[in-house]
Amino acid sequence: MALTRDEVAEIAQLARLAMSDAELESLRGELAAILDHVAALGEVDTTGVEPMTHAVPTTLRLRADVRESSLPVEVALGDAPAERDGCFEVPAIIKAAT
Amino acid sequence: MSELAFAGVVELARRVRAREVSAREVTDAFLARIDEHDGAIGSYLVVDHDGARARADQLDLEVAAGKDPGPLAGVPIGVKDVIVTEGLTTTAGSRILDGWVPPYDATAVARLRAAGAVILGKLNCDEFAMGSSNERSAWKPCTNPWDTSRVPGGSSGGSAAAVAAGLAAATLGTDTGGSIRQPAAFCGVVGLKPTYGRVSRWGAIAFASSLDQIGPMARSVGDAARVLEVIAGVDRRDSTSIDQPAPQLEPSLAAGVSGLRVGLPKEFFEGAALDGEVAAAVRAAADALAAAGATLKDVSLPHTKYALPAYYVVAPAEAASNLARYDGVRYGHRAPARELGDMYAQSRAQGFGPEVKRRIMIGTYALRAGYYDAYYKKAQQVRALIKRDFDQALEEVDVLLAPVAPTPAFGLGEKATPIDMYLADVFTLSCNLAGIPGLALPVGNASSGLPIGAQLLGRALDEATLVRAGAVIEAAFGTRRPPGPWGAP
């Protein structure tokens, strides 16, 4: 299966991974080889087969809807790369108008 | 000193409870061995000398006061670095979590501590458990204690190597596609991948949520069973954990296999990929079961060849989703950037290694709008057929016996392409896809001296039968101790 450089770049963008041209090029070949392998799934007739999600049929358990304690703010912020006023601090989300 | 290191979990707990040895003496013996030998092996990323000693002293006070610390009293245990430990650096073998100190314990770790275990440190692994050789660790390679030019297997390579070299009495690993069983086989130790949902995943850094499972690695079947008894059981923090009591496995150790029906899945023995010495060793294990009263039967798992393609859709898709959380905002590595989107893309580019990026890319491809049915849903349907194969086979027989890996441990740097590396897991993936339990254990050594492993695969929640058959195989083949200074008596 052939992939174009632009397709690989689009996937990298969706995956939020900055990539050099060299990385895009090597991934183009590697992804194609893996997808070729995966294409064997097409040989299997799965008509009417329910997709599997758990080894043991289970229903989702819900906890009681009561308030519980969670990590204190200072602990949650303990490994934050940047914080301010008890919040995680990040760079600008919206480009400043020029 | 080496006598304590190879005494095993059950025996060490017995001696500490009986006050024949102190928890501190046991812990010091293991710490001294780590300091002496782990430079050559590389199984630990972090050793918690102070924490382990303090915990051991506390346990000795409990014993002196007449209290029973529990079934793992004073047993030194190492934990794979993808499992979080309160106050102890946890990186999942990745630069993106460089220096991260978790504020909580994984449920499995909390249960170990509550049962009297001493946590020695964090064990080397492939980055985010993605690999089959431990060569994808961002920090350092781990070598095989049987031959340091070879890999210990992966992704729980450090967990297997530490047990083999007597640098931990037992360890926790995780198994998403064979990551407990394959390194156990490569290092000549026992590795037990429980039924999916048997052990809480709370605090296991997520790779592929529908496949991941924590399990024990140890020197003997009885030791692994003891650890599983402690860590298993429902946990309200993991909604996929199964609401069943933890299994009582000890009675199965001496139950024997008289009348047990053992299946040999023919698809695992066909084809040129399987090394002749591995095939012969697994057949010898089957003969040992037959000699002890089991009946052997050839069975078929027709969808086996689709396990690899199904896995390489399901696991990367779930990984791409799970690893979206590493964005440089709340913890871990952050790249300097002027805008948020740039910060995400640069932080992830700098923090993740090549194999992790590859899998995120595959998963993102498969989950793109319009591709879901063709990839993820299709793979989950093939998964259902793989499970149906096992269900049908396990009606005819009680347990399956198969090779763990096509060959003994391969050399560092030997697997050149991603696909070559993925093929090292070709016999272990279907167990995870079906969610059933698997027990890997040593069944001999190749002419090169390297250990060979076999795996027992059983019905969901039937770890007891694996332990039953495993104990009989172990009685025939013994436990293993590597050459080299770490294996010396």
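Note: hydrogens, waters and symmetry copies are ignored here, and every other heavy atom, side chains too, is used. Reminder, nothing fancy here: chain letters follow the sequence lines and each chain counts from 1.
Residues of residues 65-73 of chain A lying under 4.5 angstrom from chain B, judged on non-hydrogen atoms, are A:Glu68, A:Leu71 by number. Chain A is approached within less than 4.5 Å, heavy atom to heavy atom, by B:Arg368, B:Tyr375 from residues 368-376 of chain B, ordered by number. Inspection of non-hydrogen atoms places A:Arg16, A:Leu17, A:Ala18, A:Met19, A:Glu23 of residues 16-25 of chain A under 4.5 Å from chain B.
With chain A as the partner, the residue from B:Lys377, B:His333, B:Lys387, B:His303 showing the most heavy-atom pairs under 4.5 Å is B:Lys387. When each of B:Ala384, B:Pro418, B:Pro316 is scored by its heavy-atom pairs under 4.5 Å with chain A, the top score falls to B:Ala384. Interface remark: of the candidates B:Lys357, B:Gln350, B:Gln380, B:Gln380 forms the most heavy-atom pairs closer than 4.5 Å to chain A. Highest contact tally toward chain A, considering only B:Val313, B:Val101, B:Thr195, B:Ile360, is held by B:Val101 [criterion: heavy-atom pairs under 4.5 Å]. Between chain A and the options B:Ala310, B:Gly197, B:Ser210, B:Ala335, the largest number of non-hydrogen pairs under 4.5 Å is found for B:Ala310. With chain A as partner, the option from B:Ala324, B:Ser347, B:Ser239 having the largest number of non-hydrogen pairs under 4.5 angstrom is B:Ser239.
Taking the six-membered ring where tryptophan is involved, the planes of B:Phe352 and B:Phe128 are perpendicular, since the angle between them exceeds 60° and thus also 30°.
Evaluation of the salt bridge (charged side-chain N to carboxylate O under 4.0 Å, His left out) rule for B:Glu463 yields B:Arg198 as partners, not counting sequence neighbours.
Distance CD1/B:Ile436 to CZ/B:Phe390: 4.0 Å, rounded to 0.5 Å.
Neither the backbone nor the side chain of B:Tyr104 comes within contact range of chain A; no heavy atom of the residue lies under 4.5 Å from a heavy atom of that chain.
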